[in-house]
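Here the structure comes first, spelled out in structure tokens, and everything after it is commentary.
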Amino acid sequence: MNNSTTSLPPVRVSRVELRRIAMPLVTPFRTSFGVEADRDILIVHIEAELDGEVVHGWGECVALGEPTYSAEYVDGSQHVMVQHLLPRLAARALAGIDAADVSDVLAPVHGHPMAKGAIEAAVLDAQLRAAGMSFADLLGTATDSDGRPRRIPSGVSVGIHDSVEDLLKTVQGYVDDGYVRIKLKIEPDSDIEHVAAVRDLIGPDVPLQVDANTAYRRTDGRHLARLDDYDLLLIEQPLPEEDIIGHARLADEVDTPICLDESLVSAAGTADAIELGACEIANIKPGRVGGYLEAIRIHDLCLTLDVPVWCGGMVETGIGRAANAALGALPGFTLPGDISASARFYAQDIVTDPITIVDGHVTVPTAPGMGFDIDSDVLESVTTSTLVVELDR
Ligand code: OSB
Ligand code: MG
């Protein structure tokens with residue numbers, strides 16, 4: 001796949017359904033920016049047509065309920081889609097559009113990568129379904145070199161716990177589930193002691209990393225260097241997203257590799273962060289960078305520059321989770337991703353074949369489209385509102 005086309009036949013899109021769903025989490029998920037107990041998720045459903053056949057396409061917008069991870073939030077994503085993105089897309093979509101065109105058409109609107117990425121994903125899903133091809137086939141990640149179904153190692157992201165005792169119980173549960181890598185959410189006052197206790201529990205051989213979601217300041221270098229004692233794979237996004245130079249300085253002060261999440265919103269910006277020495281490892285999240293196609297470009301860039309990458313998550317349903325698993329099997333993804341089982345977050349997923357883990361691994365899904373099929377009954381039961389946008393009026 002090159003930059004300007006997916007090489008799939010374009011589809012005509014006439015109708016877009018914006019569906020909001022309410023998804024309770026199995027346990028509240030606490031990060032340095034807040035606690036999430038229910039996900040309010042915007043699903044983009046397009047009705048498309050190719051050679052007289054109707055095809056559907058689905059994309060998940062990963063924006064959270066509040067603008068606390070990044071500036072996007074789900075009400076804002078829906079608003080920008082209805083008022084600014086879909087009107088700009090309408091003419092092209094009606095005439096026939098390729099997913100690779102979406103970001104160019106939407107480029108006049110600044111920001112809103114999660115909203116744009118969800119639309120692009122829905123178009124790509126429809127094109128792939130029309131072609132009877134999976135995203136993994138398009139990427140070449142469906143099978144390993146022996147032709148067997150491809151499996152990728154699965155890591156789990158563990159929220160901040162008030163007590164170390166509770167944290168250890170939670171972590172032990174995930175180790176028992178088979179997860180091959182543990183990521184601890186941290187913040188000042190819930191960091192060194194928590195990491196030390198978890199390292200002691202899991203022993204030296206289980207890969208461990210931490211994610212601060214911007215909770216530290218430039219002056220915290222010496223404090224964060226204390227994490228060097230626990231053999232962590234990486235420290236994810238310690239400083240505010242715009243502080244690239246601060247991350248570069250931290251990378252000199254701390255032995256543990258510095259990984260960026262929030263700071264990376266495009267391939268161009270990722271190249272700059274790497275050149276400045278701020279990004280020793282990259283977390284690639286398709287929603288944060290405007291879609292799967294930009295995510296692939298960042299992967300390709302990092303592979304060329306020898307920067308290890310891994311696939312992040314945004315507590316996705318089976319829609320985003322399936323696509324992340326196909327993406328996360330590309331060769332540059334040399335570290336386990338936050339691609340856990342659907343059941344780590346949801347008692348009931350909205351897809352017919354939710355992601356599971358077996359022996360610590362996820363099998364790359366190969367269903368036509370982005371790798372999932374919608375369970376319409378479940379989807380209906382969790383839908384809180386539906387807004388239809390007809391592109392021909
Ligand atoms: O920073 O990686 C993050 C969840 C929501 C928002 C930001 C982040 C996360 C996670 C969970 O860490 C990742 C997942 O398992 O989906
Ligand atoms: Mg993160």
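Just so you know, these numbers come straight off a predicted model, no measurement behind them. In each ligand, atom 1 is the first atom listed, and ligand 1 is the first ligand listed.
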Please list, in number order, the atoms of ligand 1 under 4.0 Å from a heavy atom of [X].
X: Lys185; answer: 1 (O), 2 (O), 3 (C), 8 (C), 9 (C), 10 (C), 12 (O)
X: Asp261; answer: 1 (O), 2 (O), 3 (C)
X: Lys183; answer: 2 (O), 3 (C), 12 (O)
X: Asn213; answer: 1 (O), 3 (C)
X: Val315; answer: 4 (C), 14 (C), 16 (O)

For ligand 1, the portion of [X] having any non-hydrogen atom under 4.0 Å away:
X: Val156; result: neither
X: Arg344; result: neither
X: Ile339; result: neither

Return yes if a side-chain donor-acceptor contact under 3.5 Å exists between [X] and [Y], otherwise no.
X: Ser32; Y: Asn213; value: no
X: Asp261; Y: Tyr69; value: yes
X: Glu294; Y: Ser103; value: no
X: Glu47; Y: Ser14; value: no

Electrostatic pair [X]-[Y], nearest N-O below 4.0 angstrom:
X: Glu187; Y: Arg30; result: yes
X: Asp144; Y: Arg150; result: no
X: Glu380; Y: Arg19; result: yes
X: Arg321; Y: Asp338; result: no

Pairs under 3.5 angstrom only: tabulate donor-acceptor contacts from the side chains of residues 350-358 to other protein residues two or more places apart or in another chain.
| residue | atom | partner | partner atom | Å |
| --- | --- | --- | --- | --- |
| Thr352 | OG1 | Asp373 | O | 3.4 |

Considering only non-hydrogen protein atoms, determine which one is nearest to [atom] and report residue, atom name and distance to 0.1 Å.
atom: atom 13 (C) of ligand 1; answer: Gly313 O, 3.3 Å
atom: atom 15 (O) of ligand 1; answer: Phe345 CE1, 3.3 Å
atom: atom 7 (C) of ligand 1; answer: Lys285 NZ, 3.4 Å
atom: atom 6 (C) of ligand 1; answer: Met314 SD, 3.5 Å

Below 3.5 Å, can you tabulate the donor-acceptor pairs from side chains in residues 73-88 to any protein atom, sequence neighbours excluded?
| residue | atom | partner | partner atom | Å |
| --- | --- | --- | --- | --- |
| Asp75 | OD1 | Arg20 | NH1 | 3.2 |
| Asp75 | OD1 | Arg20 | NH2 | 2.8 |
| Ser77 | OG | Tyr73 | O | 3.2 |
| Gln78 | OE1 | Arg20 | NH1 | 2.9 |
| Arg88 | NH1 | His84 | O | 3.0 |

2.8 Å cut-off (strict), protein N, O or S atoms about the Mg ion (ligand 2): 3
Going by atom type alone, with no hydrogens or angles, which donor-acceptor pairs under 3.5 Å involve a side-chain atom of residues 198-210 and a protein atom two or more places apart or on another chain?
| residue | atom | partner | partner atom | Å |
| --- | --- | --- | --- | --- |
| Arg199 | NE | Tyr230 | O | 3.0 |
| Arg199 | NH1 | Gly203 | O | 2.9 |
| Arg199 | NH1 | Val206 | O | 2.8 |
| Arg199 | NH2 | Tyr230 | O | 3.3 |
| Arg199 | NH2 | Asp231 | O | 2.9 |

Ring geometry between His299 and Phe333 (parallel below 30°, tilted from 30 to 60°, perpendicular above 60°): parallel
Heteroatom proximity flag, Ser340 to ligand 1, N/O under 3.5 Å: no
